[in-house]
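Heads up, the thing below is written out as structure tokens.
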Amino acid sequence: MTAWGLSAGPDVHELDELTARQRGVLRCLARGLADHEIARVLGIGMQVVADEVADILRRLDLTDRMAAVVFAHETGMLRLPLPR
């Protein structure tokens, strides 16, 4: 179990399945940004964001956006302080 208490976690090498833009989308998604915010931050269209999220879920065999957020945290894409 991870420090987050979620699971044994995915292998980090699975990140290699994603393009650089998809990793950027995933980081934004994991930070809680909505599609329109991700589009603005990355300078891409909202349809591109939706397409990239769908491709991320497919490539990583994840069921939904929440699973993608968990994946991002468990692979160390984002470092958050542990709750005290």
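Side-chain atoms are counted along with the backbone in the values below, which use heavy atoms only and exclude waters and symmetry mates.
- To the nearest 0.5 Å, atom CZ of residue Arg23 and atom CD1 of residue Ile56 are 10.0 Å apart.
- Scanning both residues, Cys28 and Val41, for their nearest heavy atoms gives SG-CG1, 4.1 Å.
- Separating the CD atom in Glu37 from the CG atom in Leu42 is a distance of 11.5 Å, to the nearest 0.5 Å.
- Interatomic distance, CE of Met77 versus CG of Leu26, reported as 4.5 Å (0.5 Å rounding).
- Between Arg21 and Asp55 no salt bridge is recorded (no basic side-chain N to carboxylate O distance below 4.0 Å).
- The CD atom of Glu52 sits 8.0 Å away from atom CZ of Arg59, with the distance rounded to the nearest 0.5 Å.
- With rounding to the nearest 0.5 Å, the separation of CD in Gln22 from CG in Leu60 is 8.0 Å.
- In this structure, CZ in Phe71 is found 6.5 Å from CG in Leu18, a value given to the nearest 0.5 Å.
- Residues Ala68 and Leu62 approach most closely at CA-CD1, 3.6 Å, considering heavy atoms.
- In terms of heavy-atom proximity, Leu29 sits nearest to Ile38 at N-CD1, 4.0 Å.
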Criterion side chain to side chain contact (heavy atoms under 4.5 Å, CB included) on Thr63 and Leu57, from CA distance to verdict
CA-CA 7 Å; Thr63 56; Leu57 297 178; over 6 Å; no
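- Of all non-hydrogen atoms in Ala30 and Val69, the two that sit nearest each other are CA-CG2, 4.0 Å.
- Atom CG of Asp64 sits in a crowded spot, with more than 12 heavy atoms from other residues, nucleotides or ligands closer than 6.0 Å.
- Under the salt bridge (charged side-chain N to carboxylate O under 4.0 Å, His left out) criterion, Arg27 pairs with no residue at all, not counting sequence neighbours.
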